Amino acid sequence: MDKESFLQWFSSEIPETLFPQIAAQVLFRCENCGECCREEGYALVDEADLQEMASSQGISPSEAKTRFTDPDPEKNPGCRILKTIGPDRSCCLFDVLAKRCMIYSHRPRICRTFPMLDLDTKGEELICFYSDCLGTAKFVKMLREKRGDPEVQKDIESLTRQEERMQALQILLFVWLRRMMGKKEEAEFICSITGVSFPPEENAFQRDCLAYFLMTITTDALDGYQYEG
Ligand code: SF4
Ligand code: SF4
């Protein structure tokens, strides 16, 4: 595949709504409060997740599969679901007393991409701002503070004016997501044919993500949010 055919595929197949969601996930910081580890009961994991979980516990992937997962009732190809325990159906890897994930730095990718890339639960909304997620509460607070910042407004204006820069940012966001999902080789291939370099310069990337996200989110969504954790 060359650059031109990639760009054609990229513009026709990747929905515009995905980019602000990725930008939000780049900016989001999980506080490991454990709220999303309880009463959820349906977190999909695949072979790569199992290997990561197994290595964190010093056990084999097949043992991790038996101990930590159950068959996926929806039979997604190659997937299992995290086992749940107790009356509130907590994830079996959630330490109920400490209220923390026991394998946090090795947690499955579905846990890493929650909540901004939680595509299944948003319906018509671009982003679901969960009222019981401490990370979301801090994220919203940061956005409320930054949206009036003149420097951020300048970033938004300059991004809006520069079509090529906007496209490069969208490719970079897509590459970031592919790497997050464990598709490192695919991400490198995209960089090689498009000329986008990864990892990006951290500060500039964060600023662009913030500007991009604020361009797409409505004031109502931010003003209406209230933390209830
Ligand atoms: S693996 Fe960890 S982060 Fe994921 S649901 Fe279980 S306890 Fe929560
Ligand atoms: S509810 Fe939010 S802050 Fe808490 S563990 Fe889940 S993603 Fe992280």
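Note that this is a predicted model, so its numbers are computed, not measured. We count ligands from 1, going down the list as the structure has it; atoms in each ligand are counted the same way. Basis for what follows: all heavy atoms, side chains included, without hydrogens, waters or symmetry-related copies.
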Below 4.0 angstrom from a heavy atom of L93, which ligand 1 atoms are there? Numbered from 1 as shown, please.
7 (S)
Best match, C92, A43, P108, S90: closest heavy atom to atom 1 (S) of ligand 1
P108
What is the nearest protein non-hydrogen atom to atom 4 (Fe) of ligand 1, stated with its residue, atom name and distance?
C111 SG, 2.3 Å
With K3 via salt bridge (Lys or Arg N to Asp or Glu O under 4.0 Å) - residues at least two apart
none
Angle between ring planes, F129 versus F213, binned at 30° and 60°: parallel, tilted or perpendicular?
perpendicular
Any side-chain heavy atom of K99 sitting closer than 4.5 Å to one from N32?
no
Between T84 and R38, a side-chain donor and acceptor under 3.5 Å
no
Closest to atom 6 (Fe) of ligand 1 among protein heavy atoms sits C91 SG, 2.4 Å
Contacts of D72 that satisfy side chain to side chain donor-acceptor pair (under 3.5 Å) - sequence neighbours left out:
Y42, N76
Of all the non-hydrogen atoms in the protein, which one sits nearest to atom 2 (Fe) of ligand 1, and at what distance?
C101 SG, 2.4 Å
Enumerate donor-acceptor pairs with a distance under 3.5 Å from any side-chain N or O in residues 52-61 to protein atoms, sequence neighbours excluded.
{"unit_1": "E52", "atom_1": "OE2", "unit_2": "H106", "atom_2": "ND1", "d": "2.7"}
{"unit_1": "S55", "atom_1": "OG", "unit_2": "E52", "atom_2": "O", "d": "3.1"}
{"unit_1": "S56", "atom_1": "OG", "unit_2": "M53", "atom_2": "O", "d": "2.7"}
{"unit_1": "S60", "atom_1": "OG", "unit_2": "S62", "atom_2": "OG", "d": "3.3"}
{"unit_1": "S60", "atom_1": "OG", "unit_2": "E63", "atom_2": "N", "d": "3.1"}

Can a donor-acceptor pair be found between the side chains of Q167 and E163 at a distance below 3.5 Å?
no
Can you tell me which residue and heavy atom of the protein come closest to atom 8 (Fe) of ligand 1, and the distance to 0.1 Å?
C37 SG, 2.3 Å
The atoms of ligand 1 lying under 4.0 Å from a heavy atom of F94, numbered in the order shown, are 7 (S)
Under 3.5 Å side-chain donor-acceptor pair for Q170 and Y212:
yes
Just to be sure I understand the site: which N, O or S atoms from the protein are less than 2.8 Å away from atom 8 (Fe) of ligand 2?
C30 SG
Classify the angle between the aromatic ring planes of F6 and F10 as parallel (below 30°), tilted (30 to 60°) or perpendicular (above 60°).
parallel
